[in-house]
Protein chains: 2
Amino acid sequence: MDRNVFKIDKLPTVRRLPAYLHILRQLARCDEKFVSSAFLAEKLNIEPILVRKDFELTRVAGTPRVGYSISGLIASIEEFLGWGEDLDAILVGVGQLGASILGYRELMDFRLRILAGFDSDPEKVGTAVHGVPVFAVTRLEELLGRLRARLAILTVPSADAQNITDLLVSSGIRGIWNYTSENIVVPADVITQKEDLASGLAVLCVKMSRNMPSPL
Amino acid sequence: MDRNVFKIDKLPTVRRLPAYLHILRQLARCDEKFVSSAFLAEKLNIEPILVRKDFELTRVAGTPRVGYSISGLIASIEEFLGWGEDLDAILVGVGQLGASILGYRELMDFRLRILAGFDSDPEKVGTAVHGVPVFAVTRLEELLGRLRARLAILTVPSADAQNITDLLVSSGIRGIWNYTSENIVVPADVITQKEDLASGLAVLCVKMSRNMPSPL
DNA sequence: TAGATTGTTAATCGATTAACAATC
DNA sequence: TAGATTGTTAATCGATTAACAATC
């Protein structure tokens, strides 16, 4: 089963870490110093013990009766996720979705730095979207040699997904954040993460139908 | 623990169903009639037995040696998700993200029908984005009385998330698909589904750091 | 028939929850 | 001190995987 070399454990925990980080930063902005697992659990609708278990993974220690140091937690989580330093990326496909990602302030909170956008539309080439310069997709290989980004955000039309993926891989990209609806194929040493909006909608629909006998 | 009344089981299965659906429709378009669990498993990088277990939930039956009927599977999955009929929704916050959702063809495949957009920007009010009319957010309550949509897509700035949520809830919305980075608070009988881009990025980052000793 | 694929039943694995001792 | 909160250890729960019988 080596097709999934990158199966990491504690995946549910990793998925929750950014949510903690978001709340912790809000608290830090309000000059709070300590927070309890119960407080965070309440916010995220989970159990306090789960919060403590999650923090165990990041090796942060709390103080009985006081809680966890907010700044300590932020540092530990960032450290664990590798979000302490800028994460350089490029984005391919500057359509409406691509543009909205370029303008998504939250991602900058996580020190994701999108160095360049690429698009095949000559109208877009040469412009800047949310301050990010857009280049022709034909220059991908050339520019990736210079930019040293290892991560690519894929927001092209589904039909182009695999072609562009192949190009990204041969240009040295090691991770692809896939926003298309295609299941792209990559060599074993390249990592992909598929962002699937439909799965969230499915969960919502099933919950709603469980909730109401007649869904309309 | 009644705050999570809508904890459904088989959640991982539900999350995978749209991915099956997507592949099945591609196959149907190619006039394929049957598919094996092994084929689908290969596509999604999971185990064949997991595919069969998932299908068990939708009560679809396969035929030994032949596989599953593609049209039968599509029907069963749609039936299970309640995607056999149009799912009426509204969208609040016609910014770049909101607009990209309005233009997202894939969602129409799932029969999600966005009846109206709402925005506070007078420039946008009265226009149509991807064919969807945009109304003033002040008319939310009034129009929701008429539209009979039960689902709202929330793409407003984080700062407005809770206010708009309260308005949606008091206007009769039963489910909120939350694209903001806020953890919105709703009454126990309203369902929310938070779409968290950061958690996908976290998984990707952790996988990449596991992969490469030095991440750059 | 022989062989491929489903479907069932049991085993394993991992995530969450519970209980409670430690501790500030 | 007493009480609140962490952290540890064990129990439970659910999801995935394995084994193999059923079946077309």
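Within every chain, numbering begins at 1; the chains are lettered A, B, ... in the order of the sequence lines, protein sequences first and strands thereafter.
Put simply, the side chain of B:Thr155 gets close to the backbone of B:Val92: a donor and an acceptor are under 3.5 Å apart. Judged by distance alone, with hydrogens and angles left aside, the side-chain atoms of B:Arg25 form a donor-acceptor pair with the main-chain N or O of B:Asp109 at under 3.5 Å. Formation of a donor-acceptor pair under 3.5 Å by the A:Arg174 side chain with backbone atoms of A:Asp189 is found in this model.
As rounded to whole Å, 13 Å separates atom P of C:dC24 from atom CZ of A:Phe34. Atom C1' of nucleotide D:dG7 and atom CG of A:Asp54 are separated by 14 Å, given to the nearest angstrom. Counting to the nearest Å, the P atom of D:dC20 and the CD1 atom of B:Ile49 are 14 Å from each other. Rounded to an integer number of Å, the gap from A:Leu11 CG to C:dC13 P is 19 Å. Protein atom CD of B:Glu47 is 14 Å distant from nucleotide atom C1' of C:dC13, rounded to whole Å. The distance between atom CD of A:Glu42 and atom P of D:dT5, rounded to the nearest whole Å, is 13 Å. Computed from coordinates, the A:Phe55 CZ to D:dT6 P distance equals 9 Å when rounded to whole Å. At whole-Å resolution of the value, CZ in B:Arg65 and C1' in D:dA21 are 18 Å apart.
One cannot find a donor-acceptor pair under 3.5 Å joining the base of D:dT16 and the side-chain atoms of B:Lys10.
Checking C:dG7 for Watson-Crick or G-U wobble geometry (two distances, each under 3.5 Å) identifies D:dC20 as its partner. Base-pair partner of C:dA15: D:dT12 (Watson-Crick or G-U wobble, both distances under 3.5 Å).
Of the two residues contacting DNA chain C, namely A:Val66 and B:Ser36, the nearest-nucleotide position lying further toward the 5' end is that of B:Ser36. Of the two residues near DNA chain D, B:Thr63 and A:Thr63, the one whose nearest nucleotide lies more 5' is A:Thr63. Checking A:Ala38 against B:Arg52, the closest nucleotide of DNA chain D that is more toward the 5' end is the one next to A:Ala38.
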Query raised in the report: Could you walk me through whether B:Arg59 and B:Glu79 pass the side chain to side chain contact (heavy atoms under 4.5 Å, CB included) check?
Result: CA-CA 10 Å; B:Arg59 300 182 194 288; B:Glu79 157 81 17; over 6 Å; no

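Listed pair B:Arg16 / D:dT16 meets the phosphate criterion, a side-chain N or O lying under 4.0 Å from OP1 or OP2.
For B:Pro64, whose side chain is taken as the heavy atoms from C-beta onward, the closest listed nucleotide among D:dT16, C:dT16, C:dT5 is C:dT5. When the nucleotides C:dT23, D:dA15, D:dT8 are ranked by their closest atom to the side chain of B:Pro12, D:dA15 comes out on top. When distances are taken from the side chain of B:Tyr68 to each of C:dG7, C:dC24, C:dA18, the shortest belongs to C:dG7. For A:Ala61, taking side-chain heavy atoms from C-beta onward, the closest of the listed nucleotides C:dT5, D:dA4, D:dG7 is D:dG7. Listed nucleotides: C:dT8, C:dC24, C:dA15. Nearest to the side chain of B:Glu56: C:dT8. Here the nucleotide nearest the side chain of A:Leu50, chosen from D:dA15, C:dT17, D:dT6, is C:dT17. The side chain of B:Lys53 sits closest to C:dT8 out of C:dT8, C:dA15, C:dA4.
Contact annotation: the side chain of A:Leu154 approaches that of A:Ile184 to within less than 4.5 Å [non-hydrogen atoms, C-beta and beyond].
Checked for salt-bridge contact, B:Lys53 and B:Glu47 miss the test: no charged N lies under 4.0 Å from a carboxylate O.
Residue A:Ser37 is in sugar-phosphate contact alone, with no base atom involved, counting any heavy-atom pair closer than 4.0 Å across all strands shown.
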